[in-house]
Amino acid sequence: MFKPKYSITDHIACKLMDIQQACTVVDLLPLPASILDLLKKESMEKTVILSTKIEGNTLDEAEKRKYLYKDSNHDEEQEVYNLMKALEYLDEAEKRQLPVTEEFIKKLHAIIRISHGRRPRISEYREVQNQVGSRNASGFYLPPEWKDVPSLMEDLVAWINSPETYAIPVPIKAGIFMWQFLTIHPYMDGNGRTARMLATYLLRRGGFGLKGLFVLENFYDRNIAEYYRRLQLGLHHNYYFGRNEADLTPWLEFLLKVWQKYSRKLPRL
């Protein structure tokens with residue numbers, strides 16, 4: 001059973017209040033529907049451009065914009081198109097208030113993953129060992145063995161949907177889910193893009209949608225070194241040496257600081 005360890009420090013509590021206040025302000029903004037739709041479209045496009053940059057896509061912004069709505073046989077161009085399709089899928093899912101289930105995650109990843117030809121309806125979890133980064137290099141991480149992935153993912157999804165988590169502030173739940181998903185690393189690739197999208201979806205579905213004007217990747221991108229450092233939490237590179245007992249407070253403090261900065265900017269739109 002997944003039971004995350006964390007504390008709601010004074011810093012975290014203040015950031016939560018700031019984010020909640022910003023959400024209230026933005027929800028009351030008298031934006032015409034046409035303007036709101038345009039701003040949401042721009043936010044989605046910017047999210048794709050920056051998220052693919054974070055994952056190492058070498059196309060420049062102008063090249064990426066060509067393939068936001070256009071399929072391609074080139075992997076980096078396809079990555080851009082797929083991510084936009086995934087955002088459209090999440091936008092529709094939010095309207096229907098779909099819960100985050102394992103099937104939901106597998107459908108999302110099937111859209112995100114780079115594949116040519118007939119696309120599978122869902123992506124099954126990996127069946128081999130993977131790793132993050134190069135051995136003996138900074139940021140190297142060895143995720144759990146593939147045979148443990150199904151039970152770990154089942155526990156994570158059970159936790160996010162458990163009645164016991166209803167009282168946990170939504171940004172805390174989204175941050176924990178994001179960290180644990182990246183820790184499990186259930187797929188050979190696309191884990192970062194999927195995790196960030198799921199965290200944003202949880203925020204939006206939980207009432208922290210800020211009218212869909214999220215471009216959180218702006219702040220991940222600007223703080224990328226700190227983003228990866230905080231994910232590591234100074235822990236052993238091997239999953240089985242303390243990851244399941246990690247105190248996630250430092251990660252949550254960083255993430256909520258990022259989200260707080262973002263939320264403070266939106267009311268000026």
Side-chain angles (χ1 to χ4, degrees), residues 2-6 47 50-57 79 83 86 90 100 102 104-106 108-109 111-113 123-126 128-135 137-146 148-160 170-203 214 216-217 219-221 223-259:
F2 177 56
K3 289 187 176 181
K5 293 171 59 177
Y6 66 95
T47 294
L50 289 173
S51 188
T52 50
K53 176 186 174 185
I54 290 169
E55 296 301 320
N57 189 303
E79 180 185 24
L83 210 56
L90 290 182
V100 174
E102 287 191 81
F104 181 90
I105 293 169
K106 290 177 177 181
L108 177 63
H109 185 267
I111 299 171
I112 290 173
R113 65 177 295 196
S123 288
E124 297 298 345
Y125 301 137
R126 58 182 168 89
V128 295
Q129 182 61 43
N130 60 356
Q131 67 180 46
V132 179
S134 302
R135 191 175 292 273
S138 176
F140 172 71
Y141 171 55
L142 199 62
E145 296 178 10
W146 67 269
D148 291 334
V149 168
S151 60
L152 289 169
M153 287 299 298
E154 183 179 14
D155 286 349
L156 176 59
V157 168
W159 175 80
I160 200 67
V170 171
I172 297 291
K173 288 197 290 188
I176 291 172
F177 186 94
M178 182 178 177
W179 188 87
Q180 182 66 2
F181 185 94
L182 288 168
T183 296
I184 297 169
H185 234 67
Y187 295 104
M188 293 304 293
D189 57 26
N191 294 287
R193 284 160 284 164
T194 305
R196 289 190 296 273
M197 281 198 169
L198 287 169
T200 298
Y201 180 72
L202 288 168
L203 288 170
F214 273 97
L216 290 174
E217 277 71 10
F219 291 89
Y220 300 141
D221 182 51
N223 301 274
I224 194 65
E226 184 71 359
Y227 168 73
Y228 285 119
R229 188 179 75 81
R230 292 286 186 152
L231 273 174
Q232 292 296 323
L233 291 176
L235 299 169
H236 194 280
H237 69 268
N238 190 310
Y239 168 80
Y240 296 99
F241 289 84
R243 295 266 166 172
N244 61 326
E245 300 174 351
D247 182 351
L248 304 187
T249 305
W251 161 251
L252 293 172
E253 286 184 333
F254 164 73
L255 202 59
L256 265 68
K257 180 181 178 181
V258 168
W259 293 347

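FYI, the numbering just counts along the sequence from 1.
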Do F104 and V157 touch side chain to side chain, with heavy atoms closer than 4.5 Å?
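Not in contact.
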
Side-chain contact, heavy-atom cut-off 4.5 Å: Y239 with D148?
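They are not in side-chain contact.
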
In Å and rounded to the nearest 0.5 Å, what is the [atom1] to [atom2] distance from [X] to [Y]?
{"X": "T249", "Y": "I172", "atom1": "OG1", "atom2": "CD1", "answer": "8.5 Å"}
{"X": "I111", "Y": "R193", "atom1": "CD1", "atom2": "CZ", "answer": "13.0 Å"}
{"X": "N130", "Y": "N191", "atom1": "CG", "atom2": "CG", "answer": "6.5 Å"}
{"X": "T52", "Y": "I112", "atom1": "OG1", "atom2": "CD1", "answer": "12.0 Å"}
{"X": "L203", "Y": "L198", "atom1": "CG", "atom2": "CG", "answer": "11.0 Å"}
{"X": "F140", "Y": "R135", "atom1": "CZ", "atom2": "CZ", "answer": "4.0 Å"}

Review item, side-chain donor-acceptor pairs of residues 173-184, under 3.5 Å, at least two apart:
| from | atom 1 | to | atom 2 | distance (Å) |
| --- | --- | --- | --- | --- |
| K173 | NZ | T165 | O | 3.3 |
| W179 | NE1 | L231 | O | 3.0 |
| T183 | OG1 | W179 | O | 2.8 |

Apply salt bridge (Lys or Arg N to Asp or Glu O under 4.0 Å) to [X] and list each qualifying residue two or more places apart in sequence or on a separate chain.
{"X": "K53", "answer": "D221"}
{"X": "E55", "answer": "R196"}
{"X": "K106", "answer": "E124"}
{"X": "E226", "answer": "R229, R230"}

Over 60° means perpendicular and under 30° means parallel, so classify the ring planes of Y187 and H109, tilted if in between.
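Because their plane-to-plane angle is under 30°, the rings of H109 and Y187 count as parallel.
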
If we count only N and O atoms by modelled type, under 3.5 Å, do the side chains of E145 and Y240 hold a donor and an acceptor together?
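There is no such pair (donor and acceptor under 3.5 Å, judged by atom type) between the side chains of E145 and Y240.
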
Residue pair [X] / [Y]: nearest heavy atoms and the distance that separates them:
{"X": "H236", "Y": "R243", "value": "O-NH2, 3.1 Å"}
{"X": "P144", "Y": "Q129", "value": "O-OE1, 3.6 Å"}
{"X": "D247", "Y": "L233", "value": "O-CD1, 3.8 Å"}

Qualifying residues under ring pair (Phe, Tyr, Trp, His ring centres under 6.0 Å), relative to F2, sequence neighbours excluded:
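W159.
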
Evaluate the side-chain contact (heavy atoms from CB on, under 4.5 Å) criterion for residues F254 and W259: first the C-alpha distance (whole Å), next the side-chain angles of each, then the deciding distance (0.1 Å), finally the verdict.
CA-CA 9 Å; F254 164 73; W259 293 347; over 6 Å; no

